[in-house]
Amino acid sequence: MRNNNEVANLLWTSGWDSTYRLMDLLLKGRTVQPHYICFRLRKSTQMELRRMDEIREYLSRKDQALANAILPTTVVSQDSIRKVPAIRESYEHITRDYYLGKQYVLLASYALQSGISNLELSIHADDKARQVIMNEVEFSDDLWGGCYRIRKGSDTPAAIIFQNFVFPVLQLSKLDMQKNAAKRGFLDVMELTWFCHNPTPDGQPCGTCNPCNYTRNEGLGRRVPKVQ
């Protein structure tokens, strides 16, 4: 089995941000171990899994070597993750003053229980979670361009939650990613990504859920159906 220095552990949902990082890693010659958490009440789970398969298939036709560098996805049920009390308490402390999605308690508990100290989390420049961690991170350079991570020795609530993550796209907006993807030749892959939490029966984005609104507000409204 490869160690974490050889394989990039990436939380991949088939979304814009994590797929951008997937392609960035592949083009840098990295092998990627995707991780996907199945949330019990999320209506988009099957669509996200389907889009991940479609992206793999598309890449296999476009560049087999890149496709081969994506390891089988580790799919984890929400119910198999034990919420860590210290993480849950830190979350409750943070959300007295800031908005932070409930999924981060599970994601952080998973990272800790899995023993992964460098799980790549695609919080980006326009993400609401960015304000929670911005004063807690430092840039860590490496052979592949570096990324942000929680400062060593920090024991704040944000550090307790995010200590096992790294943040490779923290300074990039969705439009930055679009521009970079076009320059580097993988914008076609990005168009296969999924973002909506409530897909319609015919497999289209609903146009009204939070991810649809975020996508529209962050400059990619062309991908979101107009709401009548």
Side-chain angles (χ1 to χ4, degrees), residues 1-83 101-124 127 129 144 147 162 164-169 174 177 181 184 186-199 203 205 211 215:
M1 182 176 179
R2 297 174 185 264
N3 62 42
N4 287 350
N5 290 326
E6 296 175 333
V7 174
N9 288 285
L10 173 68
L11 282 167
W12 186 32
T13 65
S14 81
W16 183 270
D17 312 316
S18 59
T19 301
Y20 175 86
R21 180 55 174 170
L22 172 75
M23 293 304 301
D24 179 50
L25 287 164
L26 294 176
L27 291 173
K28 290 176 177 176
R30 302 293 302 278
T31 297
V32 180
Q33 173 61 71
H35 299 257
Y36 179 82
I37 311 300
C38 287
F39 290 96
R40 189 186 317 111
L41 300 179
R42 184 168 292 180
K43 298 178 181 179
S44 59
T45 295
Q46 292 307 312
M47 180 64 77
E48 290 172 356
L49 291 169
R50 184 188 312 164
R51 286 299 176 97
M52 285 190 279
D53 287 341
E54 290 174 359
I55 290 170
R56 286 177 182 271
E57 292 170 5
Y58 183 82
L59 277 177
S60 70
R61 298 191 297 271
K62 181 175 180 174
D63 189 323
Q64 188 65 57
L66 292 185
N68 290 344
I70 310 174
L71 300 178
T73 301
T74 298
V75 179
V76 180
S77 167
Q78 171 184 347
D79 296 329
S80 71
I81 303 171
R82 302 184 311 277
K83 293 182 180 178
K102 294 180 180 179
Q103 72 270 22
Y104 290 110
V105 175
L106 277 172
L107 296 178
S109 296
Y110 171 69
L112 181 63
Q113 292 164 16
S114 300
I116 303 172
S117 62
N118 58 355
L119 186 56
E120 299 214 4
L121 181 59
S122 300
I123 294 176
H124 66 289
D127 201 307
W144 301 284
C147 56
F162 292 102
N164 291 312
F165 296 105
V166 295
F167 311 100
V169 297
K174 289 190 188 306
M177 296 181 210
R184 298 172 69 187
F186 62 90
L187 188 57
D188 51 345
V189 178
M190 298 296 289
E191 295 302 322
L192 300 175
T193 59
W194 183 258
F195 53 88
C196 175
H197 275 181
N198 296 302
T215 298

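Residues take their numbers from the sequence shown, with the count starting at 1.
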Glu54/Arg51 salt bridge by N-O under 4.0 Å criterion: yes
Is the shortest distance from a Lys or Arg side-chain nitrogen in Asp24 or Arg21 to a carboxylate oxygen in the other one below 4.0 Å? yes
Is it the case that Thr45 and Arg40 place a side-chain donor and acceptor less than 3.5 Å from each other? no
Exercise: do Glu48 and Ser44 side chains pair donor with acceptor under 3.5 Å: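 Side chains of Glu48 and Ser44: pair found under 3.5 Å.
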Could you walk me through whether Thr19 and Trp12 pass the side chain to side chain donor-acceptor pair (under 3.5 Å) check? CA-CA 7 Å; Thr19 301; Trp12 186 32; 2.9 Å; yes
Does [Y] offer a backbone N or O that forms a donor-acceptor pair with the side chain of [X] under 3.5 Å?
X      : Y      : answer
Thr73  : Val75  : no
Gln113 : Arg82  : yes
Ser109 : Leu106 : no
Thr13  : Gly15  : yes
Trp16  : Ser18  : no

Has Lys83 got more than 12 heavy atoms of other residues, nucleotides or ligands less than 6.0 Å from its NZ? no
Considering residues, nucleotides and ligands other than Lys28, do more than 12 of their heavy atoms fall under 6.0 Å from its NZ?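 It does: Lys28 NZ has more than 12 such atoms within range.
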At what distance, to the nearest 0.5 angstrom, does CG of Leu107 lie from CG of Leu112?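 Result: 12.5 Å between the selected atoms.
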Between atom CD1 of Ile70 and atom CE of Met52, what is the distance when rounded to the nearest 0.5 Å?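 Those atoms lie 11.0 Å apart.
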Which residues pass the ring pair (Phe, Tyr, Trp, His ring centres under 6.0 Å) test with Tyr36, not counting sequence neighbours? none
Quick check: His124 with Tyr20 (ring centres under 6.0 Å apart)? no
